[in-house]
Amino acid sequence: MKKHNILIIGGYDPTGGAGVIADAKTAKILGVNPLTITTSIIPQNNRAVYDKMDIPKKIIEEQLEAIFEDFDVSVVKTGVLNKDAIDLILKYKRHYDFKIVCDPVLKSTTNYKFVDEDLLRRYIDLFNESYLITPNEEEFNTIINFIEKNNLWGNIDKNPYILITGIDDKLTTLKDKGIIETIKGKKIDKEVHGTGCVFSSAIASFLCKGEGLREAIKKGKDVVLASVIYATKTKYNYNSNPTYINKEKVIKNLSYALYLLKKIEFSLIPEVGSNIAESLLLPNSFKDVAALTGRIIKNKLGGFYIVGDVEFGASEHIAKIILTAKNYNPQIRACMNIRYEEDLIDALSEKFSISSFDRKLEPPNVSTMEWGTKYACEKFGGVPDIIYDKGGDGKEPMIRVLGVNTIEVVKKVVEIQKIYDHI
Ligand SMILES: Nc1ncnc2c1ncn2[C@@H]1O[C@H](COP(=O)(O)OP(=O)(O)OP(=O)(O)O)[C@@H](O)[C@H]1O
Ligand SMILES: Cc1ncc(COP(=O)(O)O)c(N)n1
């Protein structure tokens, strides 16, 4: 089968929050081999863009020659470009068959202008040869106004798709203007550098893998949402952290977590047994949460059994904890319940953040797990490593361990078991 490579052509951001590094990270996590050509070196961080040095045309051309001589390229994704780069991309487009996904980065989030009117005029020719253009709302308006003002519609004889990005994205085409489809998004309350790059390179990567346009946009949306939720905090803001959480990733995490658990003498198993669960990003229901269809139960002669398979929708109980915790920290997607031991909680307080709820305070007609998790998170002011309760009304006391995924949760359980064994 023909190997599909994506060629990323853009500027170099030394922090990797945007530009060809962010694009390459995105392609890589999506299983696509990222070939990259740098058009300009752009010293910057989350405070400002300090400079922009264009790479000489000869060197850009030699990079293109080297790539096309040795690789088949099915998708070219463009970021920050200069006139030379556009001339060369259009030259190669006449000789090779690849789709262009053009992210028209007119200026940075920190307001550094990458494109003047002269360059924007040249961009129109690139738009005409593109399969998809991904401007944000402001960039879209600038482009349309520029075409109108300079009467450039005559230069456009093709009709590329346009995805006007925002929290909700609008799919249209350059000439038809009507909205074909709106793709709803979820707003996370933080400003992240490079989300446009991650989103457009994710879409380009899924196209490279053979997905249709709508599916590529839908999956790209999941990638950029995760990249915002798991963004890397810098002194001045956040850098995009290309991350893709899908069912395959969740099942892989759970399987490896169970593999790690089997390596230890895990004895903190409650009478009702333990379960371990991990959700997709921002889960809507327990169907978005994978867990064991059975339980982890004690073996009377020592050790434990892991009963059942890993399936989505397998546990409502642990799912409710994750579904509630996500409202306090969308990074938290995993939980495991283990046995409560009176003196264990004190011993854990040095290494772990802990909160709790008291069943005696539970109001009538509520889901205990939803109410209890909410109560403990509000008391803590976020999601702690551990939420426990001392039981009551025939309910066994319980410790619940939370984390960003089940591998992290089991690593915490391994640590807790070690502390318990040495009390
Ligand atoms: N705070 C956020 N919460 C959720 N999604 C976000 C957030 N910020 C950006 N996104 C996602 O990233 C995509 C691209 O962001 P945006 O529309 O701001 O493009 P952009 O302005 O080119 O981004 P940037 O300038 O950061 O590269 C959006 O479609 C949106 O889905
Ligand atoms: C090299 C490079 N490419 C793209 C952007 C846009 O990213 P942002 O809009 O987050 O500033 C950037 N700042 N630098």
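Note that ligands are numbered from 1 as they come in the structure, with each ligand's atoms numbered from 1 the same way. Quick caveat: nothing in here was measured; it's all calculated off a predicted structure.
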To check your reading of the model: name the closest protein heavy atom to [atom], its residue, and the distance in Å.
{"atom": "atom 7 (O) of ligand 2", "value": "Ala18 CB, 3.6 Å"}
{"atom": "atom 8 (P) of ligand 2", "value": "Thr109 OG1, 3.2 Å"}
{"atom": "atom 4 (C) of ligand 2", "value": "Cys197 SG, 3.6 Å"}
{"atom": "atom 21 (O) of ligand 1", "value": "Asn136 ND2, 2.9 Å"}
{"atom": "atom 13 (N) of ligand 2", "value": "Gln44 OE1, 3.0 Å"}
{"atom": "atom 5 (N) of ligand 1", "value": "Ile167 CD1, 3.7 Å"}
{"atom": "atom 22 (O) of ligand 1", "value": "Gly196 CA, 3.5 Å"}
{"atom": "atom 13 (C) of ligand 1", "value": "Phe199 CD2, 3.8 Å"}
{"atom": "atom 30 (C) of ligand 1", "value": "Gly166 O, 3.2 Å"}

Handout entry: Proximal candidate to atom 15 (O) of ligand 1 [heavy atom criterion; set Thr110, Thr165, Thr195]
Key =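 Among Thr110, Thr165, Thr195, the closest heavy atom to atom 15 (O) of ligand 1 belongs to Thr195.
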Which side-chain N or O atoms in residues 100-110 pair as donor and acceptor under 3.5 Å with protein atoms at least two apart or in another chain?
| unit_1 | atom_1 | unit_2 | atom_2 | d |
| --- | --- | --- | --- | --- |
| Asp103 | OD1 | Thr134 | OG1 | 3.1 |
| Asp103 | OD2 | Ser200 | OG | 3.4 |
| Lys107 | NZ | Asn111 | OD1 | 3.1 |
| Lys107 | NZ | Glu138 | OE1 | 3.4 |
| Lys107 | NZ | Glu138 | OE2 | 3.3 |
| Ser108 | OG | Thr110 | N | 3.1 |
| Ser108 | OG | Thr110 | OG1 | 2.7 |
| Ser108 | OG | Asn111 | N | 3.1 |
| Ser108 | OG | Tyr112 | N | 2.9 |

Roughly how far, to the nearest 0.5 Å, is the [atom2] atom of [Y] from the [atom1] atom of [X]?
{"X": "Thr15", "Y": "Asn239", "atom1": "OG1", "atom2": "CG", "value": "4.0 Å"}
{"X": "Thr406", "Y": "Arg333", "atom1": "OG1", "atom2": "CZ", "value": "8.0 Å"}
{"X": "Lys379", "Y": "Ile387", "atom1": "NZ", "atom2": "CD1", "value": "9.5 Å"}
{"X": "Ile167", "Y": "Ile188", "atom1": "CD1", "atom2": "CD1", "value": "8.5 Å"}
{"X": "Glu181", "Y": "Lys218", "atom1": "CD", "atom2": "NZ", "value": "10.5 Å"}
{"X": "Ile37", "Y": "Ile59", "atom1": "CD1", "atom2": "CD1", "value": "11.5 Å"}

Do ligand 1 and [X] have nitrogen or oxygen atoms that lie under 3.5 Å from each other?
{"X": "Val224", "answer": "no"}
{"X": "Lys221", "answer": "yes"}
{"X": "Lys190", "answer": "yes"}
{"X": "Val228", "answer": "no"}

Exercise for the section: Please check if atom NZ in Lys57 has more than 12 non-hydrogen atoms from other residues, nucleotides or ligands closer than 6.0 Å. Expected result: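 Enclosed.
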Practice task
Check the surroundings of atom CD in Glu350: do more than 12 heavy atoms from other residues, nucleotides or ligands lie under 6.0 Å from it?
Solution key: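 Atom CD in Glu350 is not packed in, count stays at 12 or less.
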Got a salt bridge between [X] and [Y], using NZ or NE/NH1/NH2 to carboxylate O under 4.0 Å?
{"X": "Lys58", "Y": "Glu62", "answer": "yes"}
{"X": "Glu117", "Y": "Lys149", "answer": "yes"}
{"X": "Glu408", "Y": "Lys412", "answer": "yes"}

Problem - Ring-face cation contact, Phe199 with Lys221, 6.0 Å cut, 45° max - result: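 Judged by the rule (NZ or CZ under 6.0 Å from the ring centre, within 45° of its axis), Lys221 counts as positioned above Phe199.
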Could you tell me, atom by atom, which parts of ligand 1 come under 4.0 Å of a heavy atom of [X]?
{"X": "Lys186", "value": "3 (N), 4 (C), 5 (N)"}
{"X": "Asp169", "value": "29 (O)"}
{"X": "Gly194", "value": "26 (O), 27 (O)"}
{"X": "Val192", "value": "26 (O)"}

Exercise for the section: Pick out which of Asn82, Leu119, Val80 makes a side chain to side chain contact (heavy atoms under 4.5 Å, CB included) with Phe114. Expected result: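 Testing Phe114 for a side chain to side chain contact (heavy atoms under 4.5 Å, CB included) against Asn82, Leu119, Val80 leaves exactly one candidate, Val80.
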Considering only heavy atoms, does [X] approach ligand 1 within less than 4.0 Å through its side chain, its backbone, both, or neither?
{"X": "Ile188", "value": "both"}
{"X": "Glu191", "value": "neither"}
{"X": "Thr109", "value": "side chain"}

Short list, please: which atoms of ligand 2 are under 4.0 Å from a heavy atom of [X]?
{"X": "Gly194", "result": "10 (O)"}
{"X": "Ile42", "result": "1 (C)"}
{"X": "Gly11", "result": "1 (C)"}
{"X": "Gly19", "result": "1 (C), 2 (C), 3 (N), 4 (C)"}
{"X": "Ser108", "result": "11 (O), 13 (N)"}
{"X": "Val80", "result": "2 (C), 3 (N), 4 (C)"}

Any nitrogen or oxygen of [X] lying under 3.5 Å from a nitrogen or oxygen in ligand 2? Just yes or no.
{"X": "Thr110", "result": "no"}
{"X": "Val105", "result": "no"}
{"X": "Thr195", "result": "no"}
{"X": "Tyr12", "result": "no"}

Exercise for the section: Over 60° means perpendicular and under 30° means parallel, so classify the ring planes of Tyr96 and Phe68, tilted if in between. Expected result: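 Plane angle between 30° and 60°, so tilted.
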Practice task
Could you tell me whether ligand 1 has any atom less than 4.0 Å away from a heavy atom of Glu137?
Solution key: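 No, Glu137 has no heavy atom closer than 4.0 Å to ligand 1.
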Handout entry: Residue from Tyr388, Tyr375, Trp371 passing ring-ring contact (aromatic ring centres under 6.0 Å, His included) with Phe357
Key =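 Of the listed options, the one satisfying the test is Trp371.
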Output side-chain donor-acceptor pairs under 3.5 Å for residues 204-213, partner residues at least two apart or in another chain, one line each.
| unit_1 | atom_1 | unit_2 | atom_2 | d |
| --- | --- | --- | --- | --- |
| Ser205 | OG | Ser201 | O | 2.7 |
| Lys209 | NZ | Leu30 | O | 2.7 |
| Glu211 | OE2 | Lys219 | NZ | 2.5 |

Practice task
Return yes if some donor-acceptor pair links the side-chain N/O of Asp51 with the main-chain N/O of Pro43 below 3.5 Å, else return no.
Solution key: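 No; zero donor-acceptor contacts below 3.5 Å.
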